[in-house]
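Report on the following structure.
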Amino acid sequence: MRTSILDKYADIVGWDVIDQLHQLVAPLRDIKIVHVNSTRKGGGVAEILNKLVPLKRELGMNVSWEVVEGNDDFFKCTKSFHNGLQGDKVEIPRSLLDSYERVNEENADKLRGKLTDADIVVIHDPQPAPLLRFIPERKGKWIWRCHIDASHPDRFVWKYLRDFIVEYDASIFSLAAFAQPLPHTEFLIPPSIDPLSDKNIELDRKEIESTVSNLGIDTERPIMLQVSRFDRFKDPVGVIQAYRLTKKFVPSLQLVLAGGEATDDPESQAVLEDINIAANKDTDIHILVLPSDAHRTINALQRASDIVLQKSTREGFGLTVTEAMWKGKPVIGGDTGGIRIQVVNHRTGFLVNTPEGAALRARYLLFHRDKLMEMGSTAKKFVKENFLLTRHLREYLTVMVSIIHGEKDRIELD
Ligand code: UDP
């Protein structure tokens, strides 16, 4: 089957890849799939589902996407889970855990009809993890998809969440390093970007320049960029330090910290205040609080930048790294989590552990433009081979085929 959208993907990845997706979809034709997460906007999970779900539909699959609704206590609790899974020592009062479970029970009541009948339910991250317990009459297979760097979780948080997760039929982690001992099959699938989305499509020079200059940024001077939610694990203050160290050698340098608010993140305001204090009214530091649909703006910023940082101290994957690499930029990234499988040190970018390290690499790239171009073009090729949506979907479909047809001796692919 050819459609205009599949034609466009084929232009980038080739028809073989699309044909293979059709083959994998064939044994899943009558299967009802539901994805559940906790926000439609903001952050990597929403970004992925916004692209993955429509592509599955384009291939003829019966797939829907539901979002659990929560209150302040619920999101306070799930933010602590997030921090705890990423290694912070956290203490969560029983009252917040009770809210978390109650909100899941209420959402289970709302979604019961859809979830009971589904053949496959994919629950993303900890927010909706207890839903399974509140749908005892479920018919299908349930998969827990963890997008977080859970390599060194806080023991209390993991012990608490594990009780819900052990009841799943399978789980998916982004990297081997994140997988935890669980009594079911675990799959490893790194995320991806959509090359046809507004965030990643080609833009012409005029649009890039007008977008960036309308934000008050000088397109004639070098730009250092980090795009991220305002989250401590993204180390925005470390980015400011790296910028200051680099600026000593490149006085015309400007820094852009572009973020926006994810509706499920109650800590972003406090982080934003820390950033403003660290920026100390430097007029060459541009702190942008963008709406969650500012995809073309982020695309333009990534294309206009000379240096792209993702100085995270913990990172589940870091879609922003792939996004910049797809635009031919080498990325200077924190030596952690998913950044390690994207940034091949010295080839597609540099892995760093400190603001000093980031500044050293930024300076090197600014003074060796030929190397910057060469690494950027290797980075783009690396993304094409490894981190586009079509590869991601192929792996999801393979997991689904194996879960639905795993007991058969033979699975017929069309
Ligand atoms: N993003 C965005 N607007 C912002 C900040 C981030 O659209 O203000 C996007 C970013 O381009 C990327 C995603 O949100 O696609 C963030 O994913 P990532 O894996 O980098 O981090 P997460 O937020 O999931 O920790």
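Read the numbers this way: they start at 1 and go in the same order the structure lists the ligands and their atoms. Throughout, numbering of the chain's residues begins at 1 and tracks the sequence.
- Comparing Leu288, Asp293, Leu319, Asn200 by heavy-atom distance to atom 20 (O) of ligand 1, the nearest is Leu319.
- In summary, Arg229 and Glu267 do not engage in a salt bridge, as defined by a charged side-chain N under 4.0 Å from a carboxylate O.
- For ligand 1, none of its N or O atoms has an N or O atom of Ser292 under 3.5 Å away.
- Residue-to-ligand polar distances keep Leu290 apart from ligand 1: every N/O pair is separated by 3.5 Å or more.
- Considering Val321, Ile298, Asn50, Thr322 only, the shortest heavy-atom separation from atom 2 (C) of ligand 1 involves Ile298.
- Ionic pairing of Arg369 and Asp306 is present here: one or more N-O contacts between side-chain nitrogen and carboxylate oxygen are shorter than 4.0 angstrom.
- Of the polar atoms of Ala258, none of the N or O atoms is found under 3.5 Å from an N or O of ligand 1, judged by distance alone.
- Annotation: cation-pi geometry satisfied between Arg361 and Phe350 (NZ/CZ under 6.0 angstrom from ring centroid, within 45° of ring axis).
- Heavy-atom contacts of Gly318 reach the following atoms of ligand 1: 19 (O), 20 (O) (cutoff under 4.0 Å).
- Close contacts of ligand 1 with Gly260, meaning ligand atoms under 4.0 Å from a residue heavy atom, involve 4 (C), 8 (O).
- Taking the six-membered ring where the residue is Trp, Phe387 and Phe382 present perpendicular rings, their angle passing 60° and hence far from 30°.
- Annotation: cation-pi geometry not satisfied between Lys141 and Tyr168 (NZ/CZ under 6.0 angstrom from ring centroid, within 45° of ring axis).
- Using modelled atom types and a 3.5 Å distance limit, the side chains of Thr78 and Gln127 yield no donor-acceptor pair.
- Between Ser228 and ligand 1, no N or O atom pair is found at a separation short of 3.5 Å.
- Distances below 4.0 Å separate heavy atoms of Lys199 from the following atoms of ligand 1: 2 (C), 7 (O), 9 (C), 10 (C), 11 (O), 15 (O).
- When the heavy atoms of Arg229, Lys234, Glu323 are ranked by distance to atom 21 (O) of ligand 1, first place goes to Lys234.
- Between the side chains of Asn276 and Lys281, no donor-acceptor pair is found at a separation under 3.5 Å.
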